[in-house]
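Labels below follow one simple rule: chain letters A, B, ... track the order of the sequence lines, proteins then strands, and each chain is numbered from 1. What you are looking at is a predicted structure, and each value in this text was computed from that prediction instead of being measured.
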Number of protein chains: 2
Amino acid sequence: MFKTGIPDIAPAKAKRGLLPEKARERLLNAAGEVFAERGYRRATVREICRRARVNVASVNYYFKGKEDLYTDVLEFAYRQARQKYPDSDAAGRGGSTESSLFGFVRLFLLRILDEGRPAWFGKLMAREIVEPTGALDKVIDRAIRPLHESLESLVREIVGGRPRDAEIRRHVFSILGQCLFYRHARPVIARLHPDVRFDAAEIERTARHIAAVALSGMKPRGTAR
Amino acid sequence: MFKTGIPDIAPAKAKRGLLPEKARERLLNAAGEVFAERGYRRATVREICRRARVNVASVNYYFKGKEDLYTDVLEFAYRQARQKYPDSDAAGRGGSTESSLFGFVRLFLLRILDEGRPAWFGKLMAREIVEPTGALDKVIDRAIRPLHESLESLVREIVGGRPRDAEIRRHVFSILGQCLFYRHARPVIARLHPDVRFDAAEIERTARHIAAVALSGMKPRGTAR
DNA sequence: CCCTGTCTTAAACATATGTTTGAAACAAGT
DNA sequence: ACTTGTTTCAAACATATGTTTAAGACAGGG
């Protein structure tokens with residue numbers, strides 16, 4: 001009984017950035033996989049530990065428990081996604097606001113649809129949005145609200161004129177909705193159109209389509225309202 | 001030991017339609033509530049039975065088990081939603097195809113956003129789409145595919161000309177995505193815009209917006225590609 | 001070589017939860 | 001009243017699963 005059982009703070013956290021981090025890192029990766037596949041509830045710490053080739057007690061040693069492991073995984077996945085597809089690729093760069101919109105959509109799609117190595121980010125977000133776990137508030141503050149606000153100001157620019165808040169909001173939702181559908185409804189899409197593959201080229205075409213639809217909806221025309 | 005333990009078929013099923021159906025009906029309703037609130041996994045048969053004021057063993061008596069109860073609830077909820085908002089309100093009625101599109105969007109939104117008494121339908125569908133449970137295939141065949149196909153033919157009419165399948169598909173997804181966002185992202189929306197209430201009037205305005213955006217995106221214009 | 005702090009491990013623990021059981025209550029027909 | 005088929009019930013069962021425990025392995029300094 002050299003300790004109360006749980007270290008107040010994950011011990012390895014201090015050494016962050018060093019190479020020999022094995023167990024904790026493996027746990028994060030394995031947990032990301034399993035949480036993404038099964039969701040928070042259906043994921044078992046035993047399977048996570050099995051995949052990480054680590055003892056079951058480790059998750060309580062390095063993290064406080066399953067819940068804290070999950071929030072750490074969310075944070076981890078968010079950083080990975082941003083690192084793989086940095087903001088600089090598209091955000092408020094030079095060029096027309098119209099092309100900025102396309103860039104935004106493209107970047108967003110890439111991040112949420114990526115199926116590469118750590119593909120968890122999109123899946124974790126999709127689940128968290130539809131079925132919050134208590135970590136949602138943190139996710140909103142860290143990831144969703146900034147994204148939402150930057151898109152909102154973009155829309156405000158494009159619509160121009162005297163912007164009514166409700167209309168701006170609806171346009172923002174239309175854009176986000178079109179994008180997120182490809183993530184949320186993936187199981188359904190796969191069954192309705194088994195042939196379509198969402199590789200880089202298809203994502204590119206999809207981004208073009210969404211940006212075009214959104215733009216034509218926002219450009220002053222007699223149709224709307 | 002008058003029986004093998006489980007009746008081959010729920011006994012009351014034969015009597016369907018008669019008034020005295022109490023326990024089984026109560027179970028379906030309670031199960032709908034709980035499944036909608038917590039999702040399949042987190043819902044416990046004990047809580048369902050508590051709300052239905054029924055013994056725990058009942059769910060295995062009237063249904064084969066939790067799983068079959070769930071699929072029966074899905075079917076039940078689907079019928080309720082169709083009954084409350086019948087197709088005839090909007091589908092392929094007279095009037096321009098443009099107004100048909102508005103009707104479609106409106107009806108779809110009403111069905112998935114309804115928060116009235118048995119509000120489960122939308123919630124159950126949202127969860128099933130994002131995180132299938134094994135009942136998804138049945139749901140697709142019974143509810144999703146017909147809806148998808150009717151929307152597809154509507155889009156095909158509106159776009160006109162020589163329709164490329166991929167483009168039709170993207171327009172269909174854009175419309176569905178815009179609608180489903182309001183269901184899927186509801187927890188997030190509630191936090192980003194705590195003031196907005198999705199009553200009948202707001203749904204009406206939202207439907208108008210979505211139909212307008214979709215239409216302007218489909219109408220032949222130089223923008224799209 | 002021992003001491004000390006860090007990590008790892010197998011086993012146990014506690015609890016939640018779907019399911020089964022065997023008997024009793026009930027209803028209906030005869 | 002007896003019989004028979006159906007429904008309800010409390011208790012038990014079996015299992016999955018998050019967590020804790022207590023002992024050992026390991027490394028670095030003294």
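The separation between B/L27 atom CG and C/dG18 atom C1' is 14 Å, rounded to whole Å. Between B/K22 atom NZ and D/dT8 atom C1' the separation is 11 Å, expressed in whole Å. If you take CG of B/N55 and C1' of D/dT6, they are 15 Å apart, rounded to a whole angstrom. Going from atom CZ of A/F35 over to atom C1' of D/dT17 covers 13 Å, rounded to whole Å. One atom, OH of B/Y62, and another, C1' of D/dT6, lie 8 Å apart when rounded to the nearest Å. Per the geometry, CG belonging to B/N60 stands 16 Å off P belonging to C/dT17, to the nearest Å.
Using a 30° and 60° split on the angle between ring planes, B/H209 and A/H171 fall in the perpendicular class, above 60°.
Five base pairs at each end of the helix from C/dC1-D/dG30 to C/dT30-D/dA1 define two local axes, and these are offset by 20° (rounded to 10°).
Under a 3.5 Å cut-off, the side chain of A/E47 and the backbone N or O of A/V34 do not form any donor-acceptor pair.
For A/F181, the ring-ring contact (aromatic ring centres under 6.0 Å, His included) test picks out B/F173, with sequence neighbours left out. With sequence neighbours excluded, the residues forming a side chain to side chain donor-acceptor pair (under 3.5 Å) with A/E115 are A/R186, listed by chain and number. A search for ring-ring contact (aromatic ring centres under 6.0 Å, His included) contacts involving B/Y40 returns B/F35, B/Y70, not counting sequence neighbours. Here A/E149 pairs with nothing under the salt bridge (charged side-chain N to carboxylate O under 4.0 Å, His left out) rule; sequence neighbours left out.
Considering only the side chain of A/Y61, C/dT6 comes nearest among C/dT6, C/dT19, D/dT6. Listed nucleotides C/dA11, C/dC7, C/dT21 differ in distance to A/V56; the shortest reach to its side chain belongs to C/dA11. Listed candidates were D/dA10, D/dT19, C/dG18. Nearest to the side chain of A/K66 is D/dT19.
The stretch residues 38-54 of chain B comes close to DNA chain D through B/R41, B/R46, each having a heavy atom under 4.0 Å from the strand.
We find that B/E167 and B/R170 are not joined by a salt bridge, their nearest charged nitrogen and carboxylate oxygen being 4.0 Å or further apart. At a threshold of 4.0 Å, the pair A/E37-A/R51 counts as salt-bridged, since one of the basic side-chain nitrogens sits closer than that to a carboxylate oxygen. In this structure, A/E204 does not pair ionically with A/R208, as no charged nitrogen and carboxylate oxygen lie closer than 4.0 Å.
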